[in-house]
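As structure tokens, the structure follows; a few thoughts come after it.
These numbers were taken from a predicted model, which means no experiment stands behind them. Just follow the structure's listing: the first ligand is 1, and inside any ligand the first atom is 1.
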Amino acid sequence: MELYKGKTKIVCQGTDENTVILRFTDNVTAFNGEKCEALPGKGETGFAFSNLLYGFLEQNGIETHMVEIIDEATVEVKKAEIVGVEVIVRNVAAGGFVKKYGAKEGTVFDEPVVEFCLKSDELGDPLINESQIRALEIATDDELAEMMRQALKINKLLCALFKKAGIRLVDFKLEFGRYENRLILCDELSPDSCRLWDVETGEKFDKDIFRQDLGDLVSGYTEVFDRLSKTLTVV
Ligand code: 5GP
């Protein structure tokens with residue numbers, strides 16, 4: 001039974017009350033849904049990429065929502081209460097950071113930058129600081145510290161992995177959920193929610209291909225998926 005239709009995923013009832021089923025669609029959206037298209041193969045490639053990363057993170061001590069992959073675009077996940085902030089980690093200046101703060105695209109940070117954004121399509125996911133998060137009772141101090149700790153650990157693991165695949169992890173967005181009194185990694189980690197550049201050429205393999213009309217999005221996603229799966233089989 002369908003419970004909810006998101007911009008890129010359909011959420012259905014799980015096999016018991018502790019799970020839900022997510023189906024990745026071919027939809028791709030940008031600029032808060034203003035630009036939207038269905039690109040054949042996009043759902044499956046993004047899904048395969050995210051599964052690969054979540055498997056890698058689980059092996060390295062990060063608990064994710066994954067329960068069981070059902071088919072090439074469908075997964076059963078733990079039913080968590082999603083925390084109402086997105087956690088963004090940046091290693092290199094791009095996108096919103098360039099636009100908001102006037103940094104030069106490509107500037108490499110000495111230390112990763114972590115940002116929180118309010119999860120609200122209506123308000124355009126605005127930046128929100130820790131004191132505002134506390135005032136709005138979106139998350140507790142302990143939860144904020146835990147999200148920050150996990151985000152930085154995930155960044156370290158992924159930077160090392162992508163480096164082996166000749167890819168620079170520029171930035172990415174995470175979502176966490178409350179499940180049995182702990183925070184687990186939810187949603188997805190795909191080229192929809194990361195910026196991925198070729199280490200040598202700077203070529204972009206992520207959703208910026210769609211945002212900036214740079215070419216074939218699905219080919220970009222397939223290229224990073226292939227590189228990553230080769231890297232993971234030799235690790
Ligand atoms: P920026 O703030 O530069 O637009 O985004 C930083 C990073 O977070 C990028 O990799 C971007 O794809 C990801 N990101 C930010 N907001 C969202 C969102 O609402 N959905 C998805 N899928 N990714 C997001």
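Here the heavy atom of the protein found nearest to atom 5 (O) of ligand 1 is Arg195 NH1, 3.6 Å. Among all protein heavy atoms, the one lying closest to atom 15 (C) of ligand 1 is Ile88 CD1, 3.9 Å. Of the protein's non-hydrogen atoms, Asp192 O, 3.4 Å is the one closest to atom 22 (N) of ligand 1. For atom 3 (O) of ligand 1, the nearest non-hydrogen atom of the protein is Gly96 N, 2.7 Å. When only non-hydrogen protein atoms are considered, atom 10 (O) of ligand 1 lies nearest to Asp171 OD1, 2.6 Å.
Checked for salt-bridge contact, Arg182 and Glu146 miss the test: no charged N lies under 4.0 Å from a carboxylate O. One finds a salt bridge joining Lys204 and Glu105 here, because a Lys/Arg side-chain nitrogen approaches an Asp/Glu carboxylate oxygen to under 4.0 Å. In summary, Glu175 and Lys173 engage in a salt bridge, as defined by a charged side-chain N under 4.0 Å from a carboxylate O.
Gln150 and Ile62 get closest at one heavy-atom pair: OE1-CG2, 4.1 Å.
Counting heavy-atom neighbours within 6.0 Å of Lys163 NZ, excluding the residue itself, gives a total of 12 or less. No more than 12 heavy-atom neighbours from other residues, nucleotides or ligands sit within 6.0 angstrom of CD on Glu111. Counting non-hydrogen atoms of other residues, nucleotides and ligands closer than 6.0 Å to NZ of Lys7 gives a total above 12.
Heavy atoms of Lys119 found under 4.0 angstrom from ligand 1: none, in either backbone or side chain. Looking at Ser193 against ligand 1, both its backbone and its side chain come within 4.0 Å, counting heavy atoms. Only the side chain of Asp125 comes within 4.0 Å of ligand 1, counting heavy atoms alone; its backbone N, CA, C and O stay farther away.
Near Gly95, meaning under 4.0 Å from one of its heavy atoms, ligand 1 places the atoms 3 (O). Interface of Cys194 with ligand 1, defined as ligand atoms under 4.0 Å from a residue heavy atom, comprises 10 (O).
Within the structure, ligand 1 lacks Lys7 among the residues with a heavy atom less than 4.0 angstrom away. Within the 4.0 Å heavy-atom cutoff, Arg90 counts among the residues contacting ligand 1.
Closest heavy-atom approach to atom 11 (C) of ligand 1 among the candidates Lys173, Glu86, Arg211: Arg211.
No hydrogens or angles considered: a donor-acceptor pair under 3.5 Å links the side chains of Asn91 and Asn155.
For Lys42 and Tyr221, the positive end is not near the middle of the six-membered ring at less than 6.0 Å and at most 45° from its axis.
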